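A short write-up of the structure that comes next.
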Amino acid sequence: LSEKKERERGGYRRYKLYRERVMAEIAELPFRYLRVPNIKLRLPNIRAPGAMTVFAFVFLSYFLVSSGIIYDVIVEPPSLGSSNEGGAVRPVIFLQYRINGQFIVEGLSAGFLFSVGGLGFILLDKASRKGTTEKNRNILLIAGSLCAVIAYNLLIVFLRKKLPGYQRS
């Protein structure tokens, strides 16, 4: 490097050291005039939550998020819609032709079905564990399969109600 650049670099190093020294002085300034109290704080003895408590919290969070609670809080849609066909007012559950919009009841029912499907997969996982008796394994397999299949098919029905003509040729 040239002598000029080396001098500039040395000046920057000196400035950096000076800046660090000033910042240390500023940080120590309050402690020159104030005395730190001698307090013995005891931390509260909080037990870790149980596994099922954590599972319930996570599962409830999954239900709320898959229900679209964030959308509901931001947009504030009505709980149900209404249609005026033939002079009679009828309640409408699905906000048709809007894949990015929902009524509150529509979101909650879809979130419930997502949760039932997830519960079905949890039951299928429980059935594959060692130590499960043959009878319990069969019950878990049937219940888990039914939950997953019913939830999937009902969600497809919801999707077809929301988008008429979807996947039909």
Side-chain angles (χ1 to χ4, degrees), residues 16 19-20 23 26-27 30 36-37 39-169:
K16 190 174 176 183
R19 188 177 64 190
E20 288 176 4
M23 291 304 289
I26 291 173
V36 178
I39 298 176
K40 294 180 182 176
L41 294 176
R42 293 184 185 200
L43 294 175
N45 188 11
I46 299 174
R47 292 184 309 128
M52 285 308 292
T53 305
V54 173
F55 170 75
F57 178 72
V58 169
F59 201 69
L60 179 68
S61 300
Y62 172 71
F63 167 72
L64 291 175
V65 170
S66 64
S67 294
I69 193 77
I70 297 167
Y71 173 84
D72 292 343
V73 167
I74 292 171
V75 177
E76 297 178 3
S79 59
L80 290 173
S82 61
S83 77
N84 197 0
E85 292 179 11
V89 177
R90 291 183 22 215
V92 175
I93 302 290
F94 297 101
L95 187 59
Q96 287 189 339
Y97 303 109
R98 287 202 42 212
I99 196 71
N100 292 334
Q102 70 179 18
F103 293 126
I104 293 175
V105 172
E106 175 186 357
L108 290 175
S109 57
F112 174 74
L113 288 176
F114 279 123
S115 299
V116 168
L119 186 66
F121 285 108
I122 290 170
L123 292 177
L124 289 174
D125 180 57
K126 285 251 188 214
S128 66
R129 291 192 178 158
K130 288 183 178 178
T132 307
T133 63
E134 190 70 27
K135 180 182 175 184
N136 286 343
R137 177 172 284 127
N138 289 336
I139 290 172
L140 288 172
L141 284 172
I142 291 170
S145 299
L146 279 176
C147 284
V149 168
I150 288 172
Y152 172 78
N153 286 322
L154 284 177
L155 284 167
I156 293 297
V157 168
F158 275 28
L159 191 59
R160 287 189 179 155
K161 288 276 190 188
K162 193 161 181 70
L163 298 172
Y166 178 70
Q167 287 187 342
R168 294 187 188 171
S169 342

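Start at 1 with the first residue, then count along the sequence. Since the structure is predicted, the reported quantities are computational estimates derived from the model, not experimental observations.
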Is there a donor-acceptor pair under 3.5 Å between the side chain of [X] and the backbone N or O of [Y]?
X    : Y    : answer
R98  : K162 : no
Q102 : S67  : yes
N153 : V149 : yes
S145 : I142 : no

Option passing side-chain contact (heavy atoms from CB on, under 4.5 Å) with D72 (candidates L108, I104, L64): I104
Heavy-atom side-chain contact between [X] and [Y] under 4.5 Å:
X    : Y    : answer
F158 : K161 : no
L124 : L141 : yes
F103 : F94  : no
P164 : Y97  : yes

Can you name the closest pair of heavy atoms from [X] and [Y] and give their distance?
X    : Y    : result
G111 : S66  : CA-OG, 3.7 Å
L140 : A127 : CB-CB, 3.7 Å
L155 : A110 : CD2-O, 4.0 Å
G120 : C147 : CA-CB, 3.6 Å
L95  : G101 : CD2-C, 3.6 Å

Geometric class of the F59/Y62 ring pair [parallel <30°, tilted 30-60°, perpendicular >60°]: tilted
Exceeds 12 heavy-atom contacts within 6.0 angstrom, atom CZ of F55: yes
Approximate separation, where rounding is to 0.5 Å, of L113 CG and F63 CZ: 10.0 Å
